[in-house]
Amino acid sequence: MGFFDRISEGLSRSRQKFTEQMNVLLDRGPNLDDDFWDDLEETLILADMGGSAASQVVENLRDEATRKALPDAYAVLDRLNDELASTFATTEANPFGGEPACVLFVGINGAGKTTTVGKLAKEGADAGRKVILGSADTFRAAAIEQLEEWSRRANVPIVERERGSDPASVCYDTLERAEADGCDLVLIDTAGRLHTSDDLMRELQKVVNVVRKRSKAPVYTVLVIDATTGQNGLSQARVFDKALDLDGVIVTKLDGTAKGGIALAVSHELGLPIYKIGVGEGLGDLKDFDAHDFARALVGEFDEREAR
């Protein structure tokens, strides 16, 4: 199965939901009146794209329709994919692009942080990078053992301490070992933090500050977010970004949700690039994010023959 096909399959539930909503909109006719634009914005919001992103997309499409004298709703929808793709935040900096980097993975419990770290370790090692793992999730039962298994699968070293240890100390030790061994990719798994807990977030701030001060390589703080949480994921992202000044996002579990639009909501509102997306449990199911492929897989293609 090809790259786009795998993403398209993973987003099939989200696409089906969106297509159903678009069919309802198109059933009322192709005229570009105020009702059409209001309904389009509502459809985007219902697809979990968020109010801010939906408003921006509709405003841009409405302006383009006026400037180019687009004849009907189908002509507008022909441009929807490109408009959605352009709404995602972008960046030239990529911690997984080959340059030396230290990446801290943060997020709530169950988002898929440890599995994501493991997959990226294997990906980096297979690409010839010298990778090291830091097990700074010292509280969750079996978290250390889980990351140990990934270190074996990827054949990369891991720095760990006994359960209950200070996670900031684990991070410091990981960076010491990385420098001694000449590692160019440091991946640090942190404990899941409820974004509603001020104490836990302050503890995580300490961890991030220690890493930013100690690391000689550029440090990236990356939020791993579970797509199935929908708009709650956007609330999580706001809190984590405010506390930690995030650099980017990885969105997991897109294959099991009809809420794939949350990726756009988070990226647009917070100005954060999406580095990777997870569309399955396998090693090959963590994909580089491509905005145009994602938009096409999320909303599909519309024309007058297929949409009605």
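Count residues from 1 along the sequence.
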Tell me if the CD atom of Glu176 is crowded by more than 12 foreign heavy atoms within 6.0 Å. yes

Nearest 0.5 angstrom please: Ile7 CD1 to Asp255 CG, how far? 12.0 Å

Whether the side chain of Ser151 engages the backbone of Glu148 through a donor-acceptor N/O pair (distance < 3.5 Å, no angle test) should be reported. yes

Would you say the side chain of Ile45 lies within less than 4.5 Å of the side chain of Glu41, judging by non-hydrogen atoms? yes

Test your reading of the model: is there a side-chain donor-acceptor pair from Glu269 to the backbone of Ser52, 3.5 Å cut-off? no

Scanning both residues in full, the closest heavy-atom pair of Ala136 with Cys171 reads CB-SG, 3.8 Å

Counting only N and O atoms by type, is there a donor-acceptor contact under 3.5 Å from the side chain of Lys119 to the main-chain atoms of Gly282? yes

Got Val299 and Met49 here, is their nearest side-chain heavy-atom distance under 4.5 Å? yes

Between Lys17 (side chain) and Thr257 (backbone), is there a donor-acceptor pair under 3.5 Å? no

Are any of the side-chain nitrogens in Glu179 or Arg214 under 4.0 Å away from the carboxylate oxygens of its partner? yes

Should Lys206 and Glu203 count as an ion pair when the cut-off is N to O under 4.0 Å? no

Same cluster or not: are Val208 and Leu187 linked, directly or through other Ile, Leu, Val, Met, Phe, Trp or Tyr residues, by side-chain heavy atoms under 4.5 angstrom apart? no

Can you name the closest pair of heavy atoms from Leu11 and Ala297 and give their distance? CD1-CB, 3.6 Å

Flag if over 12 foreign heavy atoms under 6.0 Å of CG, Asn155: no

On a heavy-atom basis, which atom in Ala263 and which in Val251 lie closest, and how many Å separate them? CB-CG2, 4.2 Å

Using the rule that Ile, Leu, Val, Met, Phe, Trp and Tyr join whenever any side-chain heavy atoms are under 4.5 Å apart, tell me whether Trp150 and Ile158 fall into a single cluster. no

Pair Asp226 + Lys259: basic N to acidic O under 4.0 Å: no

State, yes or no, whether a side-chain contact exists between Leu286 and Tyr275 at a heavy-atom distance under 4.5 Å. no

State whether the number of non-hydrogen atoms from other residues, nucleotides or ligands found under 6.0 Å of Glu99 atom CD is greater than 12. no

Shortest non-hydrogen contact between Thr138 and Ser165, atoms and distance: OG1-O, 2.7 Å

Output the distance between atom CG (Leu44) and atom CD (Glu83), rounded to the nearest 0.5 Å. 10.0 Å

Tell me whether Asp245 is salt-bridged to Arg212, with the criterion being a basic N under 4.0 Å from an acidic carboxylate O. no

Okay, side chain of Asp241, backbone of Ala237: is any donor-acceptor separation there less than 3.5 Å? no

For residues Cys102 and Ile188, report the shortest heavy-atom separation together with the two atoms involved. SG-CD1, 4.1 Å

Is there a side-chain contact between Glu160 and Leu147, using heavy atoms and a 4.5 Å cut-off? no

Are Asn60 and Gln56 linked by a side-chain donor-acceptor pair shorter than 3.5 Å? yes

Is a donor from one side chain sitting under 3.5 angstrom from an acceptor on the other, for Thr229 and Asn232? no

dist Glu145:CD -> Arg163:CZ (nearest 0.5 Å) comes out at 8.5 Å

Any donor-acceptor pair under 3.5 Å from Ser55 side chain to Gly51 backbone: no

Between Asp247 and Val222 (side chain of the first, backbone of the second, donor and acceptor by atom type, cut-off under 3.5 Å), is there such a pair? no

Between NZ of Lys122 and CG of Leu120, what distance do you get to the nearest 0.5 Å? 12.5 Å

Quick one: pull up OG in Ser135 and CD in Gln146 and give me the separation to the nearest 0.5 Å. 9.5 Å

Is the closest basic N to carboxylate O distance between Arg79 and Asp82 below 4.0 Å? no

In the structure I gave you, are the side-chain heavy atoms of Gln231 and Asp48 within less than 4.5 Å of one another anywhere? yes

Would Lys113 and Asp137 pass as an ion pair if we require N to O under 4.0 Å? no

Classify the ring geometry between Phe289 and Phe294 as parallel (under 30°), tilted (30 to 60°) or perpendicular (over 60°). tilted

Taking every non-hydrogen atom, the tightest pair across Leu254 and Ala227: CD2-CB, 3.6 Å

Would you call Leu61 and Leu40 a side-chain contact if the rule is heavy atoms closer than 4.5 Å? yes

Mind checking whether Asp288 and Phe96 have side chains closer than 4.5 Å, heavy atoms only? no

Minimum side-chain heavy-atom gap Leu133-Asp189 below 4.5 Å: no

Quick check: does any side chain N or O of Thr190 sit under 3.5 Å from a backbone N or O of Phe105, one acting as donor and the other as acceptor? yes

Rounded distance (nearest 0.5 Å) linking atom OG1 of Thr43 with atom CZ of Phe18: 6.5 Å

Test your reading of the model: is there a side-chain donor-acceptor pair from Asp181 to the backbone of Cys183, 3.5 Å cut-off? no

Quick check on the hydrophobic clustering: are Val219 and Leu204 connected, directly or via other members, by side-chain heavy-atom contacts under 4.5 Å? yes

Flag, side chain of Arg129 to backbone of Asp184, donor-acceptor distance under 3.5 Å: yes

